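We name chains A, B, ... by the order of the sequence lines, and we start the count at 1 in each one. Computed from a predicted structure; not experimentally measured. Only this structure's heavy atoms are used, side chains among them; waters, hydrogens and symmetry mates stay out.
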Amino acid sequence: MDFIRSMISRDLRTGKYGGRVVTRFPPEPNGFLHIGHAKSICLNFGLAEEHPGGRCHLRLDDTNPDTEKAEYVEAMKRDIRWLGFEWGEHLYHASDYFEQLYRYALVLIDKGLAYVDSSTMEEIRERRGTVTTPGVNSPWRDRPRDVNLDLFRRMRDGEFPDGSHVLRAKIDMAHRNMIMRDPLLYRIRHSTHYRQGDDWPIYPMYDFAHCLSDSVERVTHSLCTLEFENNREIYDWLLEHVDAPVPRPEQTEFAPLVLDYVITSKRKLKELVRTGHMRGWDDPRMPTLAGLRRRGVTPEAIRALCDMVGVARAQSRVDFGKFEFAVRDDLNRRAPRAFCVLDPLKVVITGYPAGREEIFRAPRMPGGDGRWGTRELPFGRELYIDREDFAETPPPGFHRLRPGGEVRLKYACTIRCDVVVKDGTGRVSELRCSFDPETRGGVAPKGRRVRGIIHWVKADRAVGAEIRLIDRMFRVAEPPPDDIVGALNPESGRVVAGALLEPGVAGAPPGTHYQFERHGYFFSDPKDSCDERLVFNRTVTMRDGWAGRVRNEAARVHGTRAPVALDDEAVGISPTGHRRSPEESLGSHRDKRRFGELRSLGVTEAAAASLVRSPAALQLFDAARPRYPQGAESIAAWLVNDFTRLLGSDDGADPARLDPAALGDLVRAVDAGEISHRQGRTVLAALLARGGSFAEARAAVDLTEIGDEDTLSALLQELVAEYPDKAAAYRAGRTGLLGFFVGRVMRRTDGKADPRAATRLAEAILTGDAKL
RNA sequence: UGGCCCGUCGUCUAAUGGCAGGACACCGGUCUUUGGAACCGGGGGUGGUGGUUCGACUCCACCCGGGCCAACCA
């Protein structure tokens with residue numbers, strides 16, 4: 001289960017959204033959906049399907065009139081449905097909320113939280129500062145509320161030209177998050193919107209429109225990709241300050257799908273289409289859903305890929321092999337087999353009468369249950385095989401046809417190459433072969449096994465076809481963003497005009513999948529293929545074991561790889577060549593002095609450095625010490641470890657509630673052995689949550705500990721009986737399993753068992769030394 | 001140079017502080033009328049250094065590496 005599904009389960013358990021799961025898929029209709037969107041679609045719509053009563057809205061995020069078109073909306077709907085998802089009645093447009101959004105903006109202005117800025121674009125940019133320097137306030141920042149209200153109304157009424165004013169949130173021009181430096185909320189744009197026409201001269205910005213649209217639709221989980229992490233702060237800020245109804249939607253980010261050899265920038269894809277490098281959004285080389293569909297990739301394969309890739313926050317890059325696997329795995333089940341000769345080489349069966357024809361039958365699907373039936377393969381004196389299935393000087397391991405060698409024509413018979421005929425240029429133009437009638441239909445008499453098996457077609461019965469050998473779009477896995485065109489794979493659209501197919505393929509309607517045996521999976525082009533001219537796109541090649549062997553052979557010949565030099569940076573050493581101590585990473589002299597004092601008190605190096613860096617913890621340290629003067633080292637350790645941890649993980653923990661005296665007492669009690677470290681942690685959590693003295697907190701929490709040997713051994717005996725294989729594995733040397741048994745004891749006792757006793761007993765019982 | 005986020009087999013991804021597991025790729029084998037498919041088996045991993053803990057992929061600190069943010073785009 002991924003982290004988003006875990007989060008939703010948790011929300012369902014705690015009733016955060018009253019049991020509702022409402023997601024949304026919010027594309028901007030400024031281009032076509034691509035494989036990257038597929039991940040988001042599968043996630044959002046998948047989540048809705050998984051939960052009873054769950055919904056996923058399709059919302060067109062159409063707040064920029066200059067880039068959006070109705071045709072893109074239609075394409076998006078088509079592509080989402082093709083993937084197998086349905087939004088039902090929940091089709092929305094951000095542009096339908098313009099009136100509501102406008103009113104929300106008035107609320108912000110009214111609260112003094114938004115203002116009309118009349119600076120130029122350049123001025124705004126300059127005053128924003130940089131990531132390391134604060135911005136400066138706009139001279140228009142303190143306009144009176146009524147002026148703002150009036151100006152904004154007039155902006156809405158269309159009184160001002162583009163770029164003359166913007167509406168901005170009034171937050172903080174020195175904010176460390178650049179996005180929070182008075183973000184723009186509205187801009188003036190006298191453009192015709194594809195749905196709203198000329199009704200609106202002002203348009204909301206993404207940050208303003210998105211959170212509010214989510215809120216209007218009562219979305220619960222607003223999922224987006226990692227690059228919006230920084231925008232979460234403004235998302236929450238806006239919902240809070242317009243007093244959006246609770247519970248409010250919450251944004252969660254996940255890693256986008258990044259696939260080797262693919263780009264998913266709509267802007268760049270659009271550019272490739274515009275410049276004619278691609279023949280449209282649905283060019284079969286394109287990573288768009290329309291392109292993939294036309295190439296023959298199935299929605300099932302795309303969904304399988306998304307399942308394989310998972311959902312996480314780590315930046316990741318998916319191996320292209322995963323995509324290919326998903327496609328092959330699906331097509332293997334659904335694509336009937338056929339013979340296709342891409343590069344024909346004539347074969348004359350010298351012993352076969354010229355006018356004669358016989359029919360061999362072959363299964364449409366191999367190894368199957370016969371439901372797919374059989375196909376007919378006419379055979380005669382003149383055939384074609386693929387040129388690459390013959391080698392005049394075969395490389396080692398090659399077991400297809402060679403001069404004097406034998407090969408099996410699949411489903412027909414074995415032939416032997418007797419004569420190689422060449423044309424004037426020295427190129428092989430024809431093979432004269434003899435055939436063995438005994439081997440007809442695949443019978444192999446006398447135990448004579450022929451290793452090579454190749455496909456073929458009968459010369460006068462084959463049907464011609466155009467085959468587009470679609471290949472990966474780029475030559476390199478990670479095309480450089482500044483030179484996409486230069487990285488294009490010139491081979492990705494290779495066209496073979498004169499391919500020959502077995503006759504049964506002749507009537508294939510557009511949009512039919514085939515596996516052309518030994519070549520790969522192909523799909524008759526939905527647009528260009530017709531009865532008069534068959535056109536097939538290669539969806540994916542077969543997995544190529546031969547290529548792998550050739551590769552290995554080459555590696556063997558070229559010797560072993562050079563040893564890899566470990567560079568210093570990779571092993572965590574600074575460029576200056578030495579490892580910095582915690583002390584050295586301290587900045588000021590004051591900090592260094594404090595560090596020295598702590599060290600002389602007996603505080604460890606690591607703890608001292610941490611304490612110096614954390615003023616709040618340091619203050620607690622100083623205040624707690626009088627209560628336990630000898631315990632400097634322990635107090636420091638508690639502060640930098642358990643205390644910091646509780647602050648980071650527990651929402652209810654408030655350091656202000658912690659009485660330093662209680663902390664001192666706590667640490668002393670642990671050191672004195674009055675309570676265990678574990679129990680100490682429990683008490684500390686209580687102290688952080690509710691305050692009070694050590695004695696009070698200690699009395700308030702349940703500190704019972706099961707140390708009783710009889711109870712623990714009985715439990716362990718049960719566990720050993722329950723998991724005999726684990727116990728055996730432990731005895732066989734998998735000592736890591738001790739933790740498994742101890743863990744189970746802890747779980748069964750609700751965390752109350754004494755882990756030391758449990759560990760000791762588990763060891764004794766497992767090794768059979770159970771005299772205790 | 002700031003803030004936020006992220007580092008687990010080659011790749012993607014799991015593991016309430018308690019067995020480092022799965023998938024793709026790779027290698028080997030069985031079978032096979034696709035150098036395909038199927039089936040079986042194998043190797044391979046927690047970025048580094050400290051710390052806390054009975055026990056750390058998980059918590060703490062620092063270091064190293066990567067990503068995002070300075071559009072009147074989304």
Inset, instruction - Would you classify A:Ser610 as touching base, sugar-phosphate or nothing, given that sugar-phosphate means primed atoms plus P, OP1 and OP2, and contacts are heavy atoms under 4.0 Å? - result: sugar-phosphate
Inset, instruction - Look at A:Arg337 and B:U34 and indicate whether a side-chain polar atom (N or O) is within less than 4.0 Å of OP1 or OP2. - result: no
Legend entry - A:Arg337 (side chain) donor-acceptor with A:Gln515 (main chain) under 3.5 angstrom: no
Inset, instruction - Give A:His175 one of three labels, base, sugar-phosphate or nothing, depending on what nucleic acid heavy atoms sit under 4.0 Å from its own. - result: nothing
Legend entry - Whole angstrom value for the distance that separates P of B:C68 from OH of A:Tyr206: 17 Å
Inset, instruction - Find the distance A:Leu331:CG to B:G36:C1' and express it as a whole number of Å. - result: 13 Å
Legend entry - Comparing A:Phe398 and A:Pro26 on RNA chain B - which has the more 5′ nearest nucleotide: A:Phe398
Inset, instruction - Starting from P on B:G18, measure out to OH on A:Tyr723 and report it in whole angstrom. - result: 14 Å
Inset, instruction - Answer yes or no: is there an ion pair linking A:Arg375 with A:Glu517, defined by an N-O contact shorter than 4.0 Å? - result: yes
Inset, instruction - Could you work out the separation of B:U52 and B:C60 based on their C1' atoms and round it to a whole Å? - result: 7 Å
Legend entry - Sugar-phosphate only, base, or nothing, as touched by A:Gly452 at under 4.0 Å among non-hydrogen atoms: nothing
Inset, instruction - Just call it for A:Val166: base, sugar-phosphate, or nothing, with non-hydrogen atoms closer than 4.0 Å on any strand. - result: base
Legend entry - Where protein sits on nucleotides 3-15 of chain B, one letter per nucleotide: B base, S sugar-phosphate only, - none, heavy atoms under 4.0 Å: B-SS----BSSS-
Inset, instruction - Report which part of the nucleic acid A:Gly739 touches: base, sugar-phosphate, or nothing (heavy-atom distance under 4.0 Å, all strands). - result: base
Give every pair of a protein N or O atom and an N or O atom of nucleotides 55-59 of chain B that lie under 3.5 Å apart, one pair per line with the distance.
none

Inset, instruction - Give A:Asp66 one of three labels, base, sugar-phosphate or nothing, depending on what nucleic acid heavy atoms sit under 4.0 Å from its own. - result: nothing
Legend entry - Chi angles and distances behind the side-chain contact (heavy atoms from CB on, under 4.5 Å) call for A:Ile706, A:Asp754: CA-CA 6 Å; A:Ile706 304 171; A:Asp754 171 7; over 6 Å; no
Legend entry - Whole-Å gap separating P (B:C69) and CG (A:Asp207): 13 Å
Inset, instruction - Could you check which of B:U52, B:G18, B:G2 has an atom nearest any side-chain atom of A:Met178? - result: B:G2
Legend entry - Enclosure of A:Arg334 CZ (heavy-atom neighbours >12, cutoff 6.0 Å): yes
Inset, instruction - Report which part of the nucleic acid A:Tyr203 touches: base, sugar-phosphate, or nothing (heavy-atom distance under 4.0 Å, all strands). - result: nothing
Inset, instruction - Report yes or no: is the ring centroid of A:His210 under 5.5 Å from the six-membered base ring centroid of B:A74, with the two planes under 30 degrees? - result: no
Legend entry - Sugar-phosphate only, base, or nothing, as touched by A:Ser614 at under 4.0 Å among non-hydrogen atoms: nothing
Legend entry - Residue mapping more 5' on RNA chain B - nearest nucleotide basis, A:Glu517 or A:Arg744: A:Arg744
Inset, instruction - For A:Thr63, report the nucleic acid contact type (base, sugar-phosphate, nothing); a contact means any heavy atom under 4.0 Å. - result: sugar-phosphate
Legend entry - Phosphate-side-chain proximity, A:Arg187 and B:A74, N/O vs OP1/OP2 below 4.0 Å: yes
Legend entry - Sequence-distant partners of A:Thr225, side-chain hydrogen bond (donor to acceptor under 3.5 Å, both in side chains), two or more places apart: A:Glu227
Legend entry - C1' atoms of B:C12 and B:U16, separation to the nearest Å: 24 Å
Legend entry - A:Arg543 vs B:U34: side-chain N/O to OP1/OP2 distance below 4.0 Å: no
Inset, instruction - Report yes if at least one side-chain N or O of A:Arg613 is closer than 4.0 Å to OP1 or OP2 of B:A61; otherwise report no. - result: no
Inset, instruction - Return the value, rounded to whole Å, for the distance between atom CZ of A:Arg408 and atom C1' of B:U32. - result: 12 Å
Inset, instruction - Look at the side chain of A:Asn641 and the backbone N and O of A:Ala637, then say whether any donor-acceptor pair between them is shorter than 3.5 Å. - result: yes
Inset, instruction - For A:Arg400, enumerate each residue passing the side-chain contact (heavy atoms from CB on, under 4.5 Å) test, keeping only those at least two apart in sequence or located in another chain. - result: A:Asp389, A:Phe398, A:Ile454, A:Arg518, A:Trp546
Inset, instruction - Under the side-chain hydrogen bond (donor to acceptor under 3.5 Å, both in side chains) rule, collect the residues that match up with A:Arg189, sequence neighbours excluded. - result: none
Legend entry - ring-ring contact (aromatic ring centres under 6.0 Å, His included) involving A:His93 - partner list, sequence neighbours excluded: none
Inset, instruction - Check the angle between the aromatic planes of A:His455 and A:Phe339 and answer parallel, tilted or perpendicular using the 30° and 60° thresholds. - result: tilted
Inset, instruction - Could you tell me whether A:Phe643 contacts a base, only the sugar-phosphate backbone, or nothing, with contacts defined as non-hydrogen atoms closer than 4.0 Å? - result: nothing
Inset, instruction - State whether A:Arg5 and A:Asp2 are salt-bridged, where the test is any N-O pair (Lys NZ or Arg NE/NH1/NH2 against Asp/Glu carboxylate O) under 4.0 Å. - result: yes
Legend entry - Residue pairs fulfilling salt bridge (Lys or Arg N to Asp or Glu O under 4.0 Å) with at least one residue in residues 119-128 of chain A, sequence neighbours excluded: none
Inset, instruction - Find the distance A:Leu167:CG to B:C72:P and express it as a whole number of Å. - result: 14 Å
Inset, instruction - Could you tell me which residues satisfy side-chain hydrogen bond (donor to acceptor under 3.5 Å, both in side chains) with A:Tyr186, sequence neighbours excluded, listed by chain and number? - result: none
Table of protein N/O atoms under 3.5 Å from nucleotides 38-43 of chain B N/O atoms:
none

Legend entry - Test ring-ring contact (aromatic ring centres under 6.0 Å, His included) applied to A:Phe160 - qualifying residues, sequence neighbours left out: A:His165
Legend entry - Under the side-chain hydrogen bond (donor to acceptor under 3.5 Å, both in side chains) test, residues paired with A:Thr252 that sit two or more places apart: none
Legend entry - Length of the CZ-P vector between A:Phe740 and B:G17, whole Å: 17 Å
Inset, instruction - Assess whether one donor atom and one acceptor atom, taken from the side chain of A:Arg518 and the base of B:G35, lie less than 3.5 Å apart. - result: no
Legend entry - Selected nucleotide, minimal atom distance to A:Ala606 side chain, candidates B:A74, B:U52, B:G51: B:G51
Inset, instruction - Would you mind checking if A:Arg599 and A:Glu605 are paired as a salt bridge, meaning a charged N to carboxylate O distance below 4.0 Å? - result: no
Inset, instruction - Go through RNA chain B and write down every stem, that is, every run of at least three consecutive Watson-Crick or G-U wobble pairs with distances under 3.5 Å, as range with range. - result: B:2-7 with B:64-69, B:10-13 with B:21-24, B:26-30 with B:38-42, B:47-51 with B:59-63
Inset, instruction - Looking at every strand, decide which applies to A:Gly736 at a 4.0 Å heavy-atom threshold: base, sugar-phosphate, or nothing. - result: sugar-phosphate
Inset, instruction - Sticking with atom P, work out how far B:C31 lies from B:C24, rounded to a whole angstrom. - result: 23 Å
Inset, instruction - Using a strict cut-off of less than 4.0 Å between a Lys/Arg side-chain nitrogen and an Asp/Glu carboxylate oxygen, indicate whether A:Arg317 and A:Glu478 qualify as a salt bridge. - result: yes
Legend entry - Rounded distance (Å) that lies between atom P of B:U34 and atom OH of A:Tyr521: 13 Å
Inset, instruction - Looking at every strand, decide which applies to A:Arg747 at a 4.0 Å heavy-atom threshold: base, sugar-phosphate, or nothing. - result: base
Inset, instruction - Report yes if the distance between the aromatic ring centroids of A:Tyr514 and A:Phe522 is under 6.0 Å, otherwise no. - result: no
Inset, instruction - Answer with base, sugar-phosphate or nothing: what part of the nucleic acid does A:Thr225 contact at a heavy-atom distance below 4.0 Å? - result: nothing
Inset, instruction - Give A:Glu253 one of three labels, base, sugar-phosphate or nothing, depending on what nucleic acid heavy atoms sit under 4.0 Å from its own. - result: nothing
